[in-house]
Amino acid sequence: MDHFELKDGELFAEDVPMRRIADEVGTPVYIYSRATLERHARVFREGLQGVAEASGREPLIAFAVKANPNLAVLRVLSREGCGADVVSGGELMRALAAGVPPEKIVFSGVGKTRAELQLGLDKQIGQFNIESREEGRELAELAAAMGLEAPACLRINPDVDAKTHEKISTGKAENKFGIPLVHAREVFDELGSLEGLNLRGVAVHIGSQLLDLEPLETAFAKVGKLVGDLRDRGHTITHVDLGGGLGVPYKDGETPPSPAEYGVMVARATSGWDVHLTFEPGRVIAGNAGVLLTRVVRVKRGGNGPPFVIVDAAMNDLARPALYGAWHDFDAVAPTGERMTANIVGPICETGDTFARDRECDALQAGELAVFRTAGAYGATMASSYNSRGFVAEVMVSGSDYAIVADRIAAAAIMDAERVPDFLSD
Ligand SMILES: *Cc1c(COP(=O)(O)O)cnc(C)c1O
């Protein structure tokens with residue numbers, strides 16, 4: 001459920017008419033709903049109530065910053081008690097800047113540089129998820145030099161098919177992530193003995209936009225078996241990180257498992273583990289808490305197929321359709337009740353700049369406003385300046401109030417960072 005609804009025939013973000021945001025901030029613009037973010041964080045936590053009670057410990061919900069790294073979004077979630085799952089030094093600095101306590105920060109990712117590992121140590125973050133033997137050795141060496149023991153989990157690759165888009169599947173043997181299960185025990189033995197490392201558990205994350213709990217449960221069962229084996233080998237296992245991945249409905253008829261159903265499965269899968277659990281939800285928190293508001297530039301008719309509704313947003317602002325063939329619902333801000341079938345495209349000079357083909361949608365004309373829904377995760381953060389378009393602005397709504405939470409960056413400002421060198425000046 002979100003807070004982007006029709007009131008008197010017009011789309012509102014909470015109590016703010018979207019038309020007002022378009023007039024005052026311009027388009028395209030991302031709009032986030034604070035109430036929706038809060039609601040999603042609470043629903044996710046409530047879904048894990050059974051897990052918390054069974055284990056006697058409150059799980060850490062570390063929001064996956066890569067889904068939406070906007071500082072205001074992170075602040076909302078931090079106030080809801082969430083930590084942060086970060087995958088770069090930049091995300092780590094954002095989480096801290098937004099007020100996330102360092103002990104609630106988890107650092108994931110296969111390619112953490114030495115400088116990034118050092119940054120995590122300097123900031124005394126709560127956990128490093130180590131993805132290779134080499135990374136574990138490097139982290140141990142850096143921590144030992146500071147007289148520290150870095151808190152860490154070993155990310156394993158359970159080799160399960162998450163049944164999602166191949167570009168966002170991360171838990172198959174051929175994916176770059178984690179340590180293959182067959183090697184996990186020996187790697188744990190080696191890294192667990194290193195001075196500088198407090199290797200205290202296991203992490204897993206098999207992919208994103210999962211619409212089926214079964215692959216997750218299969219992966220968690222493998223983790224449970226591994227935890228038992230590691231304990232048998234004398235290791236002290238106190239932490240398990242179960243990653244993110246829960247899907248969201250992008251269109252009618254898509255029915256991802258609810259956080260409550262997920263929680264029931266997790267309680268079953270983790271029964272008797274006796275560990276601190278961490279979760280890293282991204283999309284399920286932020287996806288439906290954001291829309292991309294856009295204005296129709298013109299409607300071009302006369303081809304073979306349906307008309308082209310050309311909007312002022314493009315693949316550089318919202319990459320998911322071009323990248324993954326993803327579906328985003330597309331609705332008029334002031335629907336008349338009339339419908340049309342259209343190809344919805346942006347202005348960029350690539351055929352890939354297509355949001356939808358042969359889409360049945362609200363009838364739209366030049367100058368009218370519309371939204372792409374479910375754009376709060378993997379939206380603004382994937383933007384580029386391709387075709388020398390600027391970076392889109394971001395707005396957060398809170399009740400009848402709204403604020404610009406990221407300025408529009410004009411194409412001219414991007415050009416200002418470029419130089420023509422002296423050797424080309426003659
Ligand atoms: C991307 C990612 C997540 C979040 O995935 P969602 O599908 O957005 O929940 C969590 N953990 C890791 C390690 C990730 O790479």
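Read the numbers this way: they start at 1 and go in the same order the structure lists the ligands and their atoms.
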Can you give me a line-by-line list of nitrogen or oxygen pairs between ligand 1 and the protein shorter than 3.5 Å?
residue: ligand 1; atom: 7 (O); partner: S208; partner atom: OG; Å: 2.3
residue: ligand 1; atom: 7 (O); partner: G245; partner atom: N; Å: 3.4
residue: ligand 1; atom: 8 (O); partner: R283; partner atom: N; Å: 2.8
residue: ligand 1; atom: 8 (O); partner: Y378; partner atom: OH; Å: 2.6
residue: ligand 1; atom: 9 (O); partner: G245; partner atom: N; Å: 2.8
residue: ligand 1; atom: 9 (O); partner: G282; partner atom: N; Å: 2.9
residue: ligand 1; atom: 11 (N); partner: D85; partner atom: OD2; Å: 3.3
residue: ligand 1; atom: 11 (N); partner: E280; partner atom: OE1; Å: 2.5
residue: ligand 1; atom: 15 (O); partner: K66; partner atom: NZ; Å: 2.7

Can you name the ring-ring contact (aromatic ring centres under 6.0 Å, His included) partners of F4, sequence neighbours left out?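 F4: no ring-ring contact (aromatic ring centres under 6.0 Å, His included) contacts found.
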
How about [atom1] on [X], more than 12 heavy atoms from neighbouring residues, nucleotides or ligands closer than 6.0 Å, or not?
X    : atom1 : answer
D232 : CG    : yes
E24  : CD    : yes
E174 : CD    : yes

For F355 together with F330, are the ring centres under 6.0 Å from each other?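 They do not qualify: ring centres at least 6.0 Å apart.
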
Describe, in one word, how the ring planes of F279 and Y262 are oriented to each other, choosing from parallel (under 30°), tilted (30 to 60°) and perpendicular (over 60°).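 Correct class here is perpendicular.
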
